[in-house]
Amino acid sequence: MVRLFQFLPGPELLWALFYLSILWLIRFTGSPNKRMDRLWISLANFVPFIAIPMSFSLFYFPGIMQDWLLLRVWIAGVFGAHYVLDTGLKAHSEQGPGVGTAYIIGMIFVLVMLVVGSVYRLL
């Protein structure tokens with residue numbers, strides 16, 4: 001039971017909180033809402049440049065198990081970013097090519113940030 005609590009705080013919990021905050025924001029704003037469109041498109045910048053460094057910051061917390069943490073950060077990062085970006089961009093009022101492009105750009109930035117964070121961590 002104690003070993004479970006060592007695995008609980010990790011990148012999966014962090015991405016679940018990001019996902020729940022996006023769901024809460026969608027519900028709170030009543031999206032799709034034209035006034036919120038700029039925020040949804042800007043998720044392509046917020047997710048990779050804020051959430052991925054927060055995931056890599058877990059290496060510096062003493063209570064988190066370091067075993068397999070880099071693999072967990074990668075898996076949770078790819079799947080978590082997909083769900084956060086997908087859910088946030090579905091709240092855009094006009095579903096057009098700009099929304100799809102924002103998703104692709106966001107996922108490319110996520111992969112780049114994961115590579116940069118991994119190289120930094122392994123050095």
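Values below: all heavy atoms of this structure, side chains included; hydrogens, waters and symmetry mates excluded.
The shortest non-hydrogen separation linking P48 to G106 is CG-O, 3.7 Å. Across M107 and V78, no two heavy atoms sit closer than the pair CE-O, 3.7 Å. Summarising the geometry of A81 relative to V110, their closest heavy-atom pair is CB-CG2, 3.6 Å, with the distance given to 0.1 Å. Residues R121 and Q66 come closest through the heavy atom pair NH2-OE1, 3.9 Å. In this structure, V84 and L43 approach most closely via the heavy-atom pair O-CD1, 4.3 Å.
In summary, of the residues considered (F46, Y103, F49), a ring pair (Phe, Tyr, Trp, His ring centres under 6.0 Å) with F109 occurs for F49 alone. With respect to M113, the side chain to side chain contact (heavy atoms under 4.5 Å, CB included) criterion is satisfied by exactly one of S118, S55, P53: P53.
In this structure, the separation between CG on L17 and CD1 on I22 is 12.0 Å, given to the nearest 0.5 Å. Between L69 atom CG and F61 atom CZ the span is 11.5 Å, to the nearest 0.5 Å. The CD1 atom of I50 sits 11.5 Å away from the CD1 atom of I52 when rounded to the nearest 0.5 Å. The distance from the NZ atom of K34 to the NE2 atom of H92 is 7.0 Å, given to the nearest 0.5 Å. From I41, atom CD1 reaches atom OG1 of T101 across 8.5 Å, with rounding to the nearest 0.5 Å. With values rounded to the nearest 0.5 angstrom, R72 atom CZ is found 8.5 Å from L58 atom CG.
The hydrophobic cluster containing F59 does not contain I75, counting ILVMFWY residues as joined when their side-chain heavy atoms lie under 4.5 angstrom apart, directly or transitively. Note on F79: it does not cluster hydrophobically with M54, by side-chain heavy-atom contacts below 4.5 Å among ILVMFWY residues. Under the 4.5 Å side-chain heavy-atom criterion for grouping Ile, Leu, Val, Met, Phe, Trp and Tyr, L71 is not connected to Y120 through any hydrophobic cluster. Note on V73 and L122: same hydrophobic cluster, where clusters join Ile, Leu, Val, Met, Phe, Trp and Tyr whose side-chain heavy atoms are under 4.5 Å apart, directly or indirectly.
For the pair L70 and F56, the minimum side-chain heavy-atom distance is below 4.5 Å. At least one side-chain heavy atom of V47 sits less than 4.5 Å from a side-chain heavy atom of W15.
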* **side-chain contact (heavy atoms from CB on, under 4.5 Å) evaluation trace for T29 with L39** => CA-CA 11 Å; T29 60; L39 173 73; over 6 Å; no

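A donor and an acceptor atom, one from each side chain of W40 and S93, are nowhere located under 3.5 Å apart.
Judged by distance alone, with hydrogens and angles left aside, the side-chain atoms of E12 form no donor-acceptor pair with the main-chain N or O of G80 at under 3.5 Å.
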